[in-house]
Amino acid sequence: MLEVMKIKPEMTYDLRHRILRPHQPMEASMYDTDYQEGGFHVGAFIDGTLISIASFCPIVNLDFSSGKQYRLRAMATHPECRKLGAGRGVVKYAESILTKNGIDLLWCMGRTNVQEYYERLGFKPHGEVFDYPPIGPHIVMVKKLL
Ligand SMILES: CC(C)(COP(=O)(O)OP(=O)(O)OC[C@H]1O[C@@H](n2cnc3c(N)ncnc32)[C@H](O)[C@@H]1OP(=O)(O)O)[C@@H](O)C(=O)NCCC(=O)NCCS
């Protein structure tokens, strides 16, 4: 059974490194926003094993009309546990926290090869595709929460 809960920042590092930044040193998977005030991290577990992660931070560096926005970072599900709803479960869990706190909008820089995943979760593309070295093409994806 899938269990979703808040987790500590350092619990995300292993999956981030293995799935999102395998060709970079572990330090590249420790983000400057990890301990930002108001930020939090969510994980999905199957039988006690962490299989999906994402991080949510109140960083404001894109100019949306919304007053209160959060950024989703480092979304990843273990390759053997994909398409089981874990990623959706993590994002929904975070959204319930964010809406309770009056957050209007959630956005992320999504890899274009998973744009459809974000669209299935209700995000919409915003602006043009851009390169995000060394990872590759990304697009900003935005979801109105309220
Ligand atoms: C993208 C990723 C996080 C999805 O995680 P997941 O746990 O498999 O996602 P879910 O099972 O919750 O999928 C939710 C929905 O999106 C769909 N979906 C999942 N991955 C998809 C993909 N790669 N492309 C298109 N649709 C996808 C699912 O079929 C499901 O659709 P539904 O509406 O029929 O239910 C996972 O594939 C992953 O870790 N990819 C590699 C890392 C990555 O690219 N992360 C994003 C960085 S921006």
Side-chain angles (χ1 to χ4, degrees), residues 1-36 38-64 66 69-100 103-146:
M1 202 188 77
L2 199 69
E3 278 186 288
V4 183
M5 64 189 82
K6 276 192 185 178
I7 57 174
K8 293 189 172 142
E10 53 272 22
M11 290 173 73
T12 65
Y13 296 162
D14 182 55
L15 285 177
R16 278 185 190 172
H17 179 59
R18 283 199 281 155
I19 299 170
L20 296 169
R21 295 174 181 266
H23 306 300
Q24 295 175 256
M26 179 56 104
E27 292 71 44
S29 292
M30 301 169 180
Y31 297 169
D32 53 356
T33 51
D34 278 343
Y35 289 92
Q36 199 178 29
F40 61 96
H41 307 261
V42 178
F45 295 77
I46 292 181
D47 296 334
T49 301
L50 182 61
I51 55 107
S52 185
I53 51 161
S55 300
F56 300 85
C57 49
I59 189 169
V60 181
N61 62 2
L62 277 192
D63 184 20
F64 297 113
S66 155
Q69 65 190 54
Y70 260 64
R71 178 178 172 188
L72 185 173
R73 298 195 79 183
M75 172 86 250
T77 299
H78 191 288
E80 287 170 18
C81 304
R82 290 190 184 154
K83 306 260 172 115
L84 299 176
R88 184 196 293 281
V90 164
V91 174
K92 274 191 137 184
Y93 184 94
E95 285 177 2
S96 71
I97 294 173
L98 295 171
T99 51
K100 270 185 213 140
I103 305 303
D104 304 309
L105 184 142
L106 181 60
W107 66 275
C108 67
M109 292 202 277
R111 298 179 184 198
T112 51
N113 65 336
V114 295
Q115 180 173 340
E116 190 186 329
Y117 162 73
Y118 288 112
E119 286 174 352
R120 284 181 176 271
L121 267 51
F123 288 76
K124 292 192 168 27
H126 174 92
E128 303 295 321
V129 173
F130 58 94
D131 189 38
Y132 187 66
I135 296 165
H138 277 66
I139 185 159
V140 171
M141 300 295 295
V142 177
K143 181 168 180 178
K144 280 292 283 171
L145 299 178
L146 297 176

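Residue numbers run from 1 in the order of the sequence given. Read the numbers this way: they start at 1 and go in the same order the structure lists the ligands and their atoms. Owing to the predicted nature of the structure, the values given are computational and were not obtained by experimental measurement.
Side-chain atoms of Glu10 and Tyr35 form a donor-acceptor pair, as typed in the model, at a separation below 3.5 Å.
Which parts of ligand 1 touch Arg111 is read off a 4.0 Å heavy-atom cut-off, strictly below it: atoms 44 (O), 47 (C), 48 (S). Of all atoms in ligand 1, listed by their number and element, those nearer than 4.0 Å to a heavy atom of Ile19 are 41 (C), 42 (C). Atoms of ligand 1 found under 4.0 Å from any heavy atom of Leu84, numbered from 1 in the order shown, are 11 (O). Contact atoms of ligand 1 toward Ala76: 39 (O) (distance under 4.0 Å to a heavy atom of the residue).
The two residues Met11 and Leu50 have their closest heavy-atom pair at O-CD2, 3.3 Å.
Of the heavy atoms in Met75, both backbone and side-chain atoms come closer than 4.0 Å to ligand 1. Neither the backbone nor the side chain of Tyr132 comes within 4.0 Å of ligand 1, counting heavy atoms alone. With a heavy-atom cut-off of 4.0 Å, Leu20 touches ligand 1 through its side chain alone.
Protein heavy atom in closest approach to atom 17 (C) of ligand 1: Arg120 CD, 3.5 Å. Atom 39 (O) of ligand 1 has its closest protein heavy atom at Thr77 N, 2.8 Å. The single protein non-hydrogen atom nearest to atom 11 (O) of ligand 1 is Gly85 N, 2.8 Å, given as residue, atom name and distance. The nearest protein atom to atom 9 (O) of ligand 1, hydrogens excluded, is given as Tyr117 CE1, 3.3 Å; this is a heavy-atom distance. Among protein heavy atoms, atom 12 (O) of ligand 1 sits closest to Arg88 N, 2.8 Å. Nearest protein neighbour of atom 23 (N) of ligand 1, counting heavy atoms only, is Val114 CG1, 3.8 Å.
With contacts defined as side-chain heavy-atom distances shorter than 4.5 Å, the pair Met141/Glu119 qualifies. With contacts defined as side-chain heavy-atom distances shorter than 4.5 Å, the pair Lys6/Tyr93 qualifies. Between Leu2 and Leu84 the shortest side-chain heavy-atom distance does not fall below 4.5 Å. Using a 4.5 Å heavy-atom threshold, the side chains of Gln36 and Pro58 count as touching. Contact of the Lys143 side chain with the Tyr118 side chain is not registered, since no non-hydrogen atoms from C-beta on lie closer than 4.5 Å. Looking at heavy atoms from C-beta onward, Ile53 lies out of side-chain contact with Val90 at the 4.5 angstrom threshold. Inter-residue side-chain proximity for Arg71 and Ser55 is flagged as unmet; no heavy-atom pair is nearer than 4.5 Å.
If you check each of Lys83, Glu116, His78, Arg82 against atom 21 (C) of ligand 1, the one with the closest non-hydrogen atom is Lys83.
Classified by interplanar angle (parallel below 30°, tilted 30° to 60°, perpendicular above 60°), the ring pair Phe56/Phe40 is parallel.
Contact analysis leaves Ser52 out of contact with ligand 1, as no non-hydrogen atom separation drops below 4.0 angstrom.
Considering backbone and side-chain atoms alike, Gly87 places an N or O below 3.5 Å from some N or O of ligand 1.
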